[in-house]
Amino acid sequence: MDYSTLNTWHKSQKVASIKGRYITINDIQPLLDNLPTLFSVETLGYSVANRPISKVTFGTGPITVLGWSQMHGNESTTTKALFDVFKWFDSNKEKNAVTDLLDTCTFIMVPMLNPDGADAYTRANANNVDLNRDAQDLSQPESVILKNLYTNLKPDYCLNLHGQRTIFGVGEPAKSAIVSFLSPSQDELRTVTQSRKIGMSLIADMNEMLQEFIPDSVGRYDDGFNINCVGDTLQHHNIPTVLFEAGHYPGDYDREETRTLVFLSLIRIFESVRLLKSKKNTSSNPYFTIPENKKCFFDYLIRSIKLPVLGVVDLAVQFEETLENGTLNFVPKIHQIGDLKEFNGHIEVNYEGSAPINKDNFDWKEGVIIEEIQTNSSLPTTFSLKRNDLL
Ligand SMILES: [Zn+2]
């Protein structure tokens with residue numbers, strides 16, 4: 001597979017009707033209703049607030065790959081990428097690369113496991129339960145739907161598709177963790193079992209491909225064992241499972257760049273699965289060369305600004321994503337004030353000890369909205385923190 005060609009294809013051919021961060025069942029239902037005959041769509045059940053949860057099946061091969069996205073409602077990037085994958089398969093269904101995949105594998109994808117959370121733009125479902133901590137309790141209808149699906153299917157591989165916040169970085173000096181992966185643990189000791197090893201080798205393949213596009217910006221997620229997480233539970237049942245975390249590409253708060261990278265990763269993992277002739281002899285070592293995710297980024301980092309009472313400090317600002325009348329806003333709020341030299345900003349400015357002006361009565365504390373800073377500094381005298389003014 002030529003991933004440069006695939007990248008070019010994606011930029012011009014991705015599904016145009018879904019974009020940005022706020023993706024709901026109203027966006028994807030028309031797409032599901034109009035999928036070509038290559039795909040069969042079936043409603044698996046309904047969410048707490050009675051929204052449908054559907055699976056999309058394609059391919060006829062013996063290897064079964066089960067994936068689901070948006071089990072956290074506000075993590076929509078992988079849902080967008082799944083619909084792009086569907087379009088790519090259909091657009092290229094005469095080509096060998098695609099027929100090989102369809103003849104070898106059967107793909108079962110659930111493009112929005114938590115439609116209520118998607119609608120409310122929340123991580124949790126309508127009962128305020130985190131579905132990725134409900135794998136044992138199975139207290140929510142969405143959790144039962146997923147459990148029934150994997151119990152009946154007995155998939156060979158599972159893909160747990162998520163999105164991560166802008167706070168994650170990798171490497172030294174740190175870069176944004178644009179995409180991160182995990183082959184979850186299946187026991188407290190984090191034993192590298194055969195099932196984990198397979199997940200690791202699949203991740204190593206995706207990482208190798210991604211390095212061409214985003215060097216040093218792929219991360220490895222924390223592998224602490226938690227049986228309440230779906231991935232850990234599946235791995236515990238010896239089903240190789242890969243967690244995807246679609247992260248922040250600098251400047252791209254709509255996550256359209258990351259969408260492309262997730263699309264490429266999905267095609268790459270499908271190809272790896274097809275070629276993984278033997279489940280033995282898979283090497284896990286390249287996986288451990290991927291740097292671990294660390295929480296080291298803020299959306300904005302204003303260094304060495306002189307504030308009343310506090311003196312010269314660093315100021316971190318994070319966007320708070322809030323839904324208002326169906327529109328998603330990115331509200332810049334003070335997140336932390338202090339010595340933040342260990343941290344990075346996706347956008348940074350250094351005021352070199354100068355004080356802000358025109359903010360005499362401003363309440364410099366965490367949680368306060370801040371949209372603009374002005375100083376007498378020779379550096380940017382007016383610094384906007386509004387998303388629409390970025391770059
Ligand atoms: Zn998530």
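All values below come from the heavy atoms of this structure, side chains included, with hydrogens, waters and symmetry mates left out. Whatever order the structure lists ligands and atoms in, that order sets their numbers, starting from 1. For clarity, every value in this text was computed on a predicted model and none was experimentally measured.
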Exercise. Hey, do the aromatic rings of Tyr3 and Phe213 have their centres closer than 6.0 Å?
Worked result: no
Exercise. Do the two ring centres, one from Trp9 and one from Phe263, sit under 6.0 Å apart?
Worked result: yes
Problem set entry | Minimum-distance atom from the Zn ion (ligand 1) among N, O or S atoms of His72 | ND1
Exercise. In His162, what N, O or S atom is nearest to the Zn ion (ligand 1), if we give its atom name?
Worked result: ND1
For this session: State whether a side-chain donor-acceptor pair under 3.5 Å links Asn132 with His72.
Result: no
Exercise. Are Glu142 and Asn125 close enough that a side-chain donor and a side-chain acceptor fall under 3.5 Å?
Worked result: yes
For this session: May I ask you to check whether Glu75 brings an N, O or S atom to under 2.8 Å from the Zn ion (ligand 1)?
Result: yes
